[in-house]
Number of protein chains: 4
Amino acid sequence: MPAPKSVPSKTVPSKTVPAKETGPAKETGAAKETGAPKKTEPTKSERTRERLLLAAATTLSRLGYAGMRLVDVAEEAGVQAPAIYYYWPSREQLIEEVVTVGTARLREYVEAALAAAPPGATALDRLDIAIDAHLRQLASESAFAHAVIRNVSQLPPAIRSRQVVEERAYAAIWRRLFTDAVASAELRPGLNPELAQPLIIGILNWAAEWWSPERSSIDEVVATAQSIVRHGVAADGPH
Amino acid sequence: MPAPKSVPSKTVPSKTVPAKETGPAKETGAAKETGAPKKTEPTKSERTRERLLLAAATTLSRLGYAGMRLVDVAEEAGVQAPAIYYYWPSREQLIEEVVTVGTARLREYVEAALAAAPPGATALDRLDIAIDAHLRQLASESAFAHAVIRNVSQLPPAIRSRQVVEERAYAAIWRRLFTDAVASAELRPGLNPELAQPLIIGILNWAAEWWSPERSSIDEVVATAQSIVRHGVAADGPH
Amino acid sequence: MPAPKSVPSKTVPSKTVPAKETGPAKETGAAKETGAPKKTEPTKSERTRERLLLAAATTLSRLGYAGMRLVDVAEEAGVQAPAIYYYWPSREQLIEEVVTVGTARLREYVEAALAAAPPGATALDRLDIAIDAHLRQLASESAFAHAVIRNVSQLPPAIRSRQVVEERAYAAIWRRLFTDAVASAELRPGLNPELAQPLIIGILNWAAEWWSPERSSIDEVVATAQSIVRHGVAADGPH
Amino acid sequence: MPAPKSVPSKTVPSKTVPAKETGPAKETGAAKETGAPKKTEPTKSERTRERLLLAAATTLSRLGYAGMRLVDVAEEAGVQAPAIYYYWPSREQLIEEVVTVGTARLREYVEAALAAAPPGATALDRLDIAIDAHLRQLASESAFAHAVIRNVSQLPPAIRSRQVVEERAYAAIWRRLFTDAVASAELRPGLNPELAQPLIIGILNWAAEWWSPERSSIDEVVATAQSIVRHGVAADGPH
DNA sequence: TATGAATGAGATTTCATTCAT
DNA sequence: AATGAATGAAATCTCATTCAT
């Protein structure tokens, strides 16, 4: 059995989703692909916006969609609630951005990890990589992925419009992982990949509910998950 | 490999948790000393109460702890919102009962299934049984388990006081399942059972998020989950 | 200075005010002046009604007009709240009866005391008698007078329709006491009887706020009040 | 007999009780160390708060503790009901402040009047002064004293916590007035000062129930009350 | 004669949102 | 760029009242 692959630690730059209607409408992800990544100091406004977005993610994952109060978000960011309206036109838009960004960052992080996979990696090797990346993003101090995973099912459809696009793109990655494994006969015959895939995702997503750094190291969780999944879905002849 | 065990379909009678402070306070359990448990018709009051409790579970799992409005619950039960206060002293108490009952019913259902296991069942056979029972309870039309699984993490501690007791009892069952498998050397060496257990639970609980009868039959989901888990955690020998 | 006159202890039969619209409409004070007072046993219904009326008076004086809840009244009377509607058509009517009866009983009690005054009693002697009667009625275990005094000022006019009639009748008694004292030159010259009268009534009514049997005997309060009033209003040449 | 003393008309500045938990929490007293008390214009916030407090006092004295609705208070102050929550965390806290401030202002007003008494004033002269001050404060356009007097007896104990402190302080002043009169032999022998004091207070407090400027001038009420009280309690010698 | 079950109206309270500054 | 002050809409909860029994 091959050693679990680990994701490259380089952080994926988030294509943060812009707020369109309000004041600063500054895109943080701006100027992509410019030769020299001009690491300009973020303005005070940009920093407040980012603080608020993170505060919203944190509060959202702690209290849920309906429970997230703007006062809490603002307090966590060290401002007053009306300040939020300088950056987003409504609570809904703020949440929309949190979940869209959260899903996007997760997808990008896993995508980047897979893109960095060695040329000879098998389908199951790539599955290991995806598991590693997904779990680590979830465990990262940023609460974005957390917020998404805990709340999508309770979000009104209107709020998910952009998020579902990201989510479908992310789901496609996982479906690909499984169809590849089927194609290369690495998946155990008789196992329905349409069902195996969401079941496996459950292993990962549910970790958001119980894992904490005090309980165990993230490395060990990743290794255990990889081991269970690989044995759980692999064809019997070990690869 | 033995065929996946299926849970006996007889529903476990739930030790419904009593409402203590309000009006009817009728205990369903008691059955006043009669030798043969007289299956008396439930009174109109009891039926309304049960309808409200179920409505609360449904609404709770759809909208979350903070999003569940009493008007919705009442409407679903076909009464006006204040009627709820005839049976529970507060929204919080209603929710408390939903999650406590939900956890208890899940535990009892799985317990009963394990109790009905054939004498010769191995530790992994019993794991299959537990998976089957947990998933079927989750998929049952009753939204109780659903409501609990989706919401516990967002519940204020005060509301969980009684639920956590049930939850710990349920967790003990699963821990037992894994320690038994370790003891009988059925668990793959090197696999940390402390981590394997919550990861496996994730497979099951997350099904609440994506499974629907239209998507696939519950039988197939159960079989697939059992297959993944068994291969995922079993020592290499048996297969 | 003459010894304080005391009210004859015979209790004044209360012309309890009838409830007109509802069920039993039994008048308790019925058959007045009939030669032999047929002391028929009160029916169960009559007893419940009287218990409720007293409970209403008690609750009313403790919690005030807006604060008196029918549940409290019913509980104090040992029945359920809807039982009240068997005797009164509405909460308002119940309160109306409490304050009307309360005022009437007070007036009748003082009237009876004055009627029993010895032939030679001076105006100030009669004032002493009125003070004695008013204070003792207030201190009596029945909370009726209490309830009236504490609440009339906050009652909606509609509820006072019948009570004001009684109240005016009672006020007339006191005005008479003062005009008599003026006529007999017993009142200190220069003292405005129009103002002295309500000021004196204040001495008595306010006792409802502070007096309790633990604090002092009712006899001593009566004596002190009589002493203050007599010296306070009497013409200098002692009578 | 000395002419009734009148209270100096200068209004005693009320040590307004601060709102601790909510928004503005501005203390009116403080006056930040400036040598001369800079009579700065009150801010808009302070004015709204004071308007609400006065409106609450008015409504409270008209409708009683349980009958005072926030909508009424707000309407009287020219704002919407939720605005109240910007200044107080609950209806109870608002009422608590009204009665505490009301009691404090009454005490301060009477205290100031007594402090301004001429050096040679006898105990009975000082009693006259207190009567004058108490009645005038009650008759003042500010409804605070009114609100307290009419409602204390119906207030839940929790609300009175701070008010009772003020009340005890005020009661001490009156007790002192009477013990002084006893000490200087100005009180009629045989009169129990423990009972005379609350009876006299009743004369004053009950005026809140019946006095109105249309009925008579406040000056005449004060004079009549002083006359009754002085004759009512004075030792026979002086007159 | 009274209660159990429920409702409609209305109260307090919360909270996203606005707006002048 | 952000806040203080306030509002409108809606949620929970209370309570008088109804009605079948």
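Order of the sequence lines fixes the chain letters, A, B, ..., with proteins taken first and strands second; residue numbering starts at 1 for each chain.
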Using a cut-off of less than 4.0 Å, is there contact between a side-chain N or O of D/Thr48 and OP1 or OP2 of F/dA5?
no
Does D/Ser45 make a side-chain N or O approach to OP1 or OP2 of F/dA5 shorter than 4.0 Å?
yes
Can you confirm whether A/Tyr86 sits close enough to A/Thr48 that some side-chain heavy atom of one is under 4.5 Å from a side-chain heavy atom of the other?
no
Rounded distance (nearest 0.5 Å) linking atom CG of D/Leu63 with atom CG of D/Asn151
9.5 Å
Of all heavy-atom pairs between D/Ala77 and D/Leu52, which one has the smallest distance, and what is that distance?
CB-CD2, 3.5 Å
Between E/dT7 (C1') and B/Tyr87 (OH): distance, integer Å:
13 Å
Want to settle it: does B/Arg51 or D/Glu92 sit nearer the 5' end of DNA chain E, counting the closest nucleotide to each?
B/Arg51
Below 4.0 angstrom from OP1 or OP2 of F/dT17, is there any side-chain N or O of C/Tyr85?
yes
Nearest-0.5 Å distance that lies between atom CD in D/Gln163 and atom CD1 in D/Ile159
10.5 Å
Return the CG to CG distance between A/Leu60 and A/Leu53, rounded to the nearest 0.5 Å.
10.5 Å
Could you give the OH-to-P distance, from A/Tyr86 to F/dA1, as a whole number of Å?
4 Å
Beyond-backbone contact of D/Val73 with D/Met68, side-chain heavy atoms, under 4.5 angstrom:
yes
Please walk me through it: do B/Glu46 and B/Tyr87 pass side-chain hydrogen bond (donor to acceptor under 3.5 Å, both in side chains)?
CA-CA 10 Å; B/Glu46 282 163 356; B/Tyr87 297 97; over 6 Å; no
With a 4.0 Å heavy-atom cut-off, tell me which residues in residues 59-84 of chain D come close to DNA chain E, sorted by residue number.
D/Met68, D/Arg69, D/Leu70, D/Pro82
Value in whole Å for how far the C1' atom of E/dA5 lies from CH2 of B/Trp88
14 Å
Minimum-distance nucleotide (side-chain atoms of D/Ser90 versus F/dT17, E/dT13, F/dA2):
E/dT13
Considering only heavy side-chain atoms of B/Lys44, the closest of E/dA6, E/dT17, F/dA2 is E/dA6
What stem regions, each of at least 3 consecutive Watson-Crick or G-U pairs below 3.5 Å, can be found for DNA chain F?
E:2-21 with F:2-21
Just how far, in rounded Å, is C1' of F/dA16 from CD of C/Gln93?
14 Å
I'd like to know whether A/Arg47 forms a side chain to side chain contact (heavy atoms under 4.5 Å, CB included) with A/Glu41, so could you lay out the CA-CA distance, the side-chain angles of the two residues, the decisive distance to 0.1 Å, and finally the verdict.
CA-CA 10 Å; A/Arg47 275 182 287 122; A/Glu41 288 288 287; over 6 Å; no
Specify the separation, in whole Å, of atom CZ of C/Arg91 and atom P of F/dT17.
8 Å
Going by atom types only, do D/Gln154 and C/Tyr65 share a side-chain donor-acceptor pair under 3.5 Å?
no
Distance in angstrom units between C/Ile95 CD1 and F/dC15 P, rounded:
14 Å
